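Because the structure is predicted, anything quoted here is derived from the model rather than measured. Proteins get letters first, then strands, A, B, ... in listed order; numbering begins at 1 in each.
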Protein chains: 2
Amino acid sequence: MNICVSKYYFMDIRKLAKKLNLSITTVSRALGGYSDVSETTRKKVIKYAKKYKYSPNPNASSLASGKSNTLGFVIPLYGLNSNTLNQASFFEFIAGMSTKIHSENIQFFMMFANNEKEEKNAYEKLIHVQKVNKIILHNIKIKDSRIEMLKKNKIKFVAWGRTQGLNNYSWVDLDNEESAKVIMKYLIEKNHRHIAYANIEENYNFAFQRKQGYLSSLKKNKIKFNENYYISIKNEDPDQSASAIKKMLNKYSEITAIICSTEYSAVGAIKACNQLNKKIGKDISIITFDGPVVSTIANPSLTAITHERKNLGQKAIEILTDMDKNNKTYTYLAKANIIDRGSVCKLKKK
Amino acid sequence: MNICVSKYYFMDIRKLAKKLNLSITTVSRALGGYSDVSETTRKKVIKYAKKYKYSPNPNASSLASGKSNTLGFVIPLYGLNSNTLNQASFFEFIAGMSTKIHSENIQFFMMFANNEKEEKNAYEKLIHVQKVNKIILHNIKIKDSRIEMLKKNKIKFVAWGRTQGLNNYSWVDLDNEESAKVIMKYLIEKNHRHIAYANIEENYNFAFQRKQGYLSSLKKNKIKFNENYYISIKNEDPDQSASAIKKMLNKYSEITAIICSTEYSAVGAIKACNQLNKKIGKDISIITFDGPVVSTIANPSLTAITHERKNLGQKAIEILTDMDKNNKTYTYLAKANIIDRGSVCKLKKK
DNA sequence: ATTGACAACCAAAACGTTTTGGTAAAACAT
DNA sequence: ATGTTTTACCAAAACGTTTTGGTTGTCAAT
């Protein structure tokens, strides 16, 4: 009654070669997809490899080839650990990756970083000690020196997020600017004209992009940007948001809708409205970016625009495998959909 | 202007041995801590290894020794991906680990699992393909066949959580029963006697343990267990909780306090009270287990008992390194503290 | 002086692959 | 018929360690 050991009766390439009456070289090259093996032989090799559950020893293989077929990934704990919302998007991303990884037989090597210095160090270790040849670059800064570093080392990578300016590398990202426009269209169709925007500080790239979409939609609809309707909070702290929003709503009572750039500001908005006894979805409309947590936890729930984050992870892996084949760079923008939870009301046309 | 490559000018054990005028064997054994190397030699070796930033090629080392000094860890996405609250505790755990991993120079190998079958498979791959020699066993079931499997393969492991019954292996866990008792003491001191308990289904081990604490505290204080005050919800769905709690409060208006076994049931309780127009912290008291999310997002915030989850991760690594030295098993129970957020009121003594 | 134990070192084998630099046979071109 | 190219295969080296099975020299006990 051996639960597991029996399943992996040990089969190395030598035994496999002997069983097949082939040389080790041929077996290796058959499985490696080299062209100096006839198709009939290759099929036989693959069939037997499957039958005997042969899987090459990854250490031997990495050692011999100088590459490890391992995907490096650094988890920036310092950005995640205290931020429940980022955590959710993180898990959605790796869940997306995992669907592809399984089929592509890639392996995974993770490291942790508790601050920026550790983060950079981790990437260097991944490359020079672990010898990973693929990397998911996460937690992109507006300007990011890691990109040059990876290029110099000729490591294939996909960035999750973009730097500001020219992005001449492969990346996947949310279509932040576009989704802000979608939100604006949604509000304007419901006849909102005095639309406030609660942001976190703009040196987060996504926050900057979202604001751009807001501004360009205003312009397109010939609404003048009113800077009193715009809030920028340093930390992702709902209480700070709440007090700023409260002040704003008190002073500018003509505001009928608030766009919240993160879930934290959304929670702030809810608190502010509760304190002012404004009924959400009636006296005031609120719409937020993202919202996995708000949707289940916050009270009341909020209408939100959500991105297909799972696609991001999937695409990242797809791109990496495509990059193996040809040396192009690829990009992917995740689209977003509005999920109506009743926190936005339709105003009468004036 | 080389950002990174220069930092790791390549130094292997051969070059190091040549520089030191020693054999490769001696260098290896000096760094490995073997006793057939004199202390003076060892010091010299270590000094130079540091100076030249030598770090052994992990693939070569694993290949030669048959062990990889790598810690295996399977992320059960199927339990995490949709559950924001588990995510938070997950990150707290790995953040805890990361503080120790850095200092102990352990490496990390992660796999993902989207269901129980994949999960078990992942552990087998970790052992037989990746050749990890240490494992953090996560997502423990009440009865868990993986434990036998790991024992049979002589893999050192620490379980995060416990099976029911005899636990003759190393584990770290929350002190669930004790913290339920702490909560009960807290409520009873505030003169609550009609205390309801909103649980999720008891075949989660932690839910079972927490209920035990509740029951034994009742007994100790000579309060008879009233099964009408006890709710057990299948899924972690706030709305299901809400409707059950609402029904209960309507029928048994003598209830003055609700203990929520998870944050989800806490959100349910908040919703129920709002719908019944009962003011939390005044008309009714609510206290919840955990609460990283509730504390920032839920409205109002709730008094909660929180465990030092970061310690769990730290201890897990500590235990693994201790187990390397001597073959004992270790256990650790994380203590909990009540954080008062005003949702529990003091009743007048009758 | 001889023996045994011990300390400190080392050469070579082993780990399981990939890669290099071939060879033999078959196919094709002249 | 001969030279050339192509196809299909392989032996051996290499990857950078750890481990095995020693050797040599020193010291204490006899």
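- For Y54(B) and Y48(B), the gap between ring centers reaches or exceeds 6.0 Å.
- Considering only residues two or more places apart in sequence or on other chains, N139(A) meets the side chain to side chain donor-acceptor pair (under 3.5 Å) condition with Y78(A), E119(A).
- Aromatic rings from F91(A) and F91(B) are positioned such that their centres are separated by under 6.0 Å.
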- Item | Nucleotide-resolved protein contact map, nucleotides 4-18 of chain D, B/S/- at heavy-atom distance under 4.0 Å | ----BBBBB--BBBB

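- Counting only heavy atoms from C-beta outward, the side chains of T99(B) and I317(B) never approach each other to under 4.5 Å.
- Atom CG of L20(B) and atom P of dA8(C) are 17 Å apart (whole Å).
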- Could you please spell out the steps behind the side-chain hydrogen bond (donor to acceptor under 3.5 Å, both in side chains) verdict for S145(A) and K120(A)? CA-CA 9 Å; S145(A) 62; K120(A) 198 157 178 195; 3.0 Å; yes

